[in-house]
Structure formats: structure tokens, C-alpha cells
Amino acid sequence: MLEEILQQVQEGKLSVSEAKDKLATYENLGFAKVDHHRKNRQGFPEVIYGEGKTKEQIFSIIQAIKLKGNDVLVTRISEEKADFILREHPEFIYNETAQILFWKENKNSKDSYQGYVAIVCAGTSDLRVAEEAAVTAEALGSEVRRFYDVGVAGIHRLFDNIEQIQQATVSVVVAGMEGALPSVVGGLVSHPVIAVPTSIGYGANFHGLSALLTMLNSCASGISVVNIDNGFGAAYNAVLIDNIARKGGNKG
């Protein structure tokens, strides 16, 4: 990238100030420093965490990211804040359940890769976290298949879907209460499982702590655990795994 920009300056296609803008690693907005080089380092642009930011701050960060030609993903954004953004950017998509606002440039690049990320959710009460994972994975470019309300209290519902789950590249398994579902899935699949404890449960659930400890202490192999209610973090890791599989599948 550096050589290409220097070549453009030498050929007169870029001014020195334009070259400096292209080489800037971040943009200082005063209240935030937008990391424009994150896509170069990690493969995805910076993701905006909407909770705790004003709608005006979110809008300014979106503008900075979009002007660089990057896709936009905002997590934990309320409907009221999303409506403010949508008035200026009606092309964006808001998922109310996931509390995610995103925009992807249409890239019609098709390949022969058939892998997908399975999002497995124990109960309807866990849907917000499951949808955060599902929409994040889709926004980051993976195919997603949802398997919802398949918790251990009615384990036959899981078995009805297990063959499709087994064919996934990676599974994100979301559960509250005692958090047993990832252990069950982990014992039935041959791919990585990313477990997400949710804060759903009665008093002794301790707002997700009991589910977190169950998942950390799972005797099933191949399970990694993210923080309570962190559907975004689980999806991000799942997409990284899916992308590695895609590169391997497209070789030769």
C-alpha cells in the first residue's frame, strides 16, 4: 500500500496532503480516534459500540468510516439512536432484536465455499444475544444458519437439527439458566464451539455467572467461552474461523 501511494505521488496522481490522508492510521474526531487501518491489520473495519455514545457521536464516527469506503457495523444501539442515523442514511439496516445497525457495500463476489456459521440458541429469552451474534456474523461476511429454541429442557428439538449443526464450520451456542447447551453440542460436533452465557435466569443464576462457570468447566472438548451476553465477540471469532476455512477450501 505504501509503495502504491508513493508511486501515485510521483506520477502526480496524488498530492502530498492527499497521500498523508491515505497514510493516516486514525482520524481524531476530538471525542474519538477512528482507527482507519484496522481493516488492513485485522480484515474488518472498526466496529462501533453504540452503548454510552450519543447519537451525534455515533453519526460522526459512521461518517468517518463510510467516507473511507468501509462497511459500517454498530452494536448495542437503541432504536431511538438508530432512527436518528436512518434519517440520514436510509440505506442502513437496523435489527431491533440484535440492537445492531449496519451497512455493507454490495460486493457480488461469489466463490465455491459452502461453509456456514451455526447460531444455536437455547431459548427465546436468549434471542437478543443470539441475534447479535447472527447479524454480526452476516455483516462480517459469513453465511449464517439459525437454530433457535433448542435448549436441553426439550433436547429432542436439538436432535431434530443436529445434522445441519454438525455440517457447520463453527457453532456459536447461546444459553442462559445453567448454561448446559454448549457442552451437549460440543459432544456431538467435530468443529469449534464458541459458548455464550447469557444473563437470563433466576436469582442463583447471578445474572449469567452460573452459566459462565458451567461453560468454563465443560468436560466437552473444543469449547471456547466468551463473556456474558457477548454475542458480538463470539460472532467475530466465529467469522475468523470461517474465513480460515474459506481460504483453505479455495486452495488449488
(request) Taking the side chain as every heavy atom from C-beta outward, state whether Gln63 and Leu29 have any pair of such atoms under 4.5 Å apart. (result) no
(request) Identify whether Ile48 and Phe92 are in the same connected component of the hydrophobic contact network (ILVMFWY, side-chain heavy atoms under 4.5 Å). (result) yes
(message) To the nearest 0.5 Å, what is the distance between CG on Asn205 and OG on Ser199?
(response) 7.5 Å
(request) List the atom of Glu79, the atom of Tyr94, and the distance in Å for their closest heavy-atom pair. (result) N-OH, 3.2 Å
(message) Using the rule side-chain contact (heavy atoms from CB on, under 4.5 Å), only one of Ile85, Ile62, Ile100, Ile61 pairs with Val74; which is it?
(response) Ile62
(request) Answer whether the closest heavy-atom distance between the side chains of Gln164 and Tyr116 falls below 4.5 Å. (result) yes
(request) Specify the closest pair of heavy atoms between Gln166 and Leu188, including all atoms of both residues, with the distance to one decimal. (result) NE2-O, 2.8 Å
(request) Rounded to the nearest 0.5 Å, what's the gap from CD1 on Ile165 to CD1 on Ile162? Could you check? (result) 4.5 Å
(message) Does His89, at its NE2 atom, have more than 12 non-hydrogen atoms belonging to other residues, nucleotides or ligands within less than 6.0 Å?
(response) yes
(message) Do the side chains of Lys68 and Glu46 get close enough for a salt bridge, i.e. N-O under 4.0 angstrom?
(response) no
(message) Check for me, please, whether Leu101 and Phe84 land in the same ILVMFWY cluster - side-chain distances under 4.5 Å, paths through other members count.
(response) yes
(request) Decide yes or no on side-chain contact (heavy atoms from CB on, under 4.5 Å) for Val173 and Met215, but give the supporting numbers first. (result) CA-CA 10 Å; Val173 184; Met215 294 175 187; over 6 Å; no
(request) Check whether any side-chain N or O of Arg157 sits under 3.5 Å from a backbone N or O of Gly151 as a donor-acceptor pair, and report yes or no. (result) yes
(request) Check whether any side-chain heavy atom of Ile241 sits under 4.5 Å from a side-chain heavy atom of Ile244, and report yes or no. (result) no
(request) Kindly give the heavy-atom pair with the smallest separation between Asp242 and Ser142, and that separation in Å. (result) OD2-OG, 2.8 Å
(message) Under the criterion ring pair (Phe, Tyr, Trp, His ring centres under 6.0 Å), I'd like the reasoning laid out for Phe232 against Tyr49: C-alpha separation, chi angles, the key distance, then a yes or no.
(response) CA-CA 10 Å; Phe232 164 76; Tyr49 183 73; 8.7 Å; no
(request) Compute whether any side-chain donor of one residue and acceptor of the other, for Ser171 and His191, lie under 3.5 angstrom apart. (result) yes
(message) Can you give me the closest heavy-atom contact between Phe102 and Leu73, atom names plus distance?
(response) CB-CD1, 3.9 Å
(request) Evaluate the side-chain proximity of Asn230 to Tyr236: yes if any heavy-atom separation is below 4.5 Å, no if none is. (result) no
(request) Run the numbers on Asp71 and Trp103 for side-chain contact (heavy atoms from CB on, under 4.5 Å), then give the verdict. (result) CA-CA 6 Å; Asp71 295 339; Trp103 172 80; 4.3 Å; yes
(message) Hydrogens and angles aside, do Glu131 and Tyr148 bring a side-chain donor and acceptor to less than 3.5 Å of each other?
(response) yes
(request) State, yes or no, whether a side-chain contact exists between Ile119 and Phe147 at a heavy-atom distance under 4.5 Å. (result) no
(message) With salt bridge (charged side-chain N to carboxylate O under 4.0 Å, His left out) as the test, pick out the partner of Glu138 among Lys104, Arg146, Arg145.
(response) Arg146
(message) Let me confirm one number: the CZ-OG1 distance from Phe31 to Thr54, rounded to the nearest 0.5 Å.
(response) 7.0 Å
(request) Evaluate side-chain contact (heavy atoms from CB on, under 4.5 Å) for Phe206 paired with Ile228, printing each intermediate quantity in order. (result) CA-CA 11 Å; Phe206 299 112; Ile228 298 167; over 6 Å; no
(request) Look at Glu88 together with Lys55 and state whether they make a salt bridge at an N to O cut-off of under 4.0 Å. (result) no
(request) Give, for atom CG of Leu140 and atom CG of Asn243, the distance between the pair rounded to the nearest 0.5 Å. (result) 8.5 Å
(request) Check the hydrophobic clustering (I, L, V, M, F, W, Y; side-chain heavy atoms under 4.5 Å; chains of links allowed) and say if Leu181 and Val174 are grouped together. (result) no
(request) First locate atom CD of Gln114, then atom OG1 of Thr169, and finally report the distance between them rounded to the nearest 0.5 Å. (result) 10.0 Å
(request) Search all heavy atoms of Ser218 against all heavy atoms of Ala220 and return the closest pair with its distance. (result) OG-N, 3.1 Å
(message) Could you see if Val196 belongs to whatever hydrophobic cluster contains Ile223? Use Ile, Leu, Val, Met, Phe, Trp, Tyr and a side-chain cutoff under 4.5 Å.
(response) no
(request) Quick one: pull up OG1 in Thr75 and CD in Glu132 and give me the separation to the nearest 0.5 Å. (result) 6.0 Å
(message) To check you understand the geometry: which heavy-atom pair defines the closest contact between Val225 and Pro197, and what is its length?
(response) CG1-CD, 4.2 Å
(request) Check whether any side-chain heavy atom of Met177 sits under 4.5 Å from a side-chain heavy atom of Tyr202, and report yes or no. (result) yes
(request) Decide whether Val117 and Val193 are clustered together by the hydrophobic rule: side chain heavy atoms of Ile, Leu, Val, Met, Phe, Trp, Tyr closer than 4.5 Å, transitively. (result) no
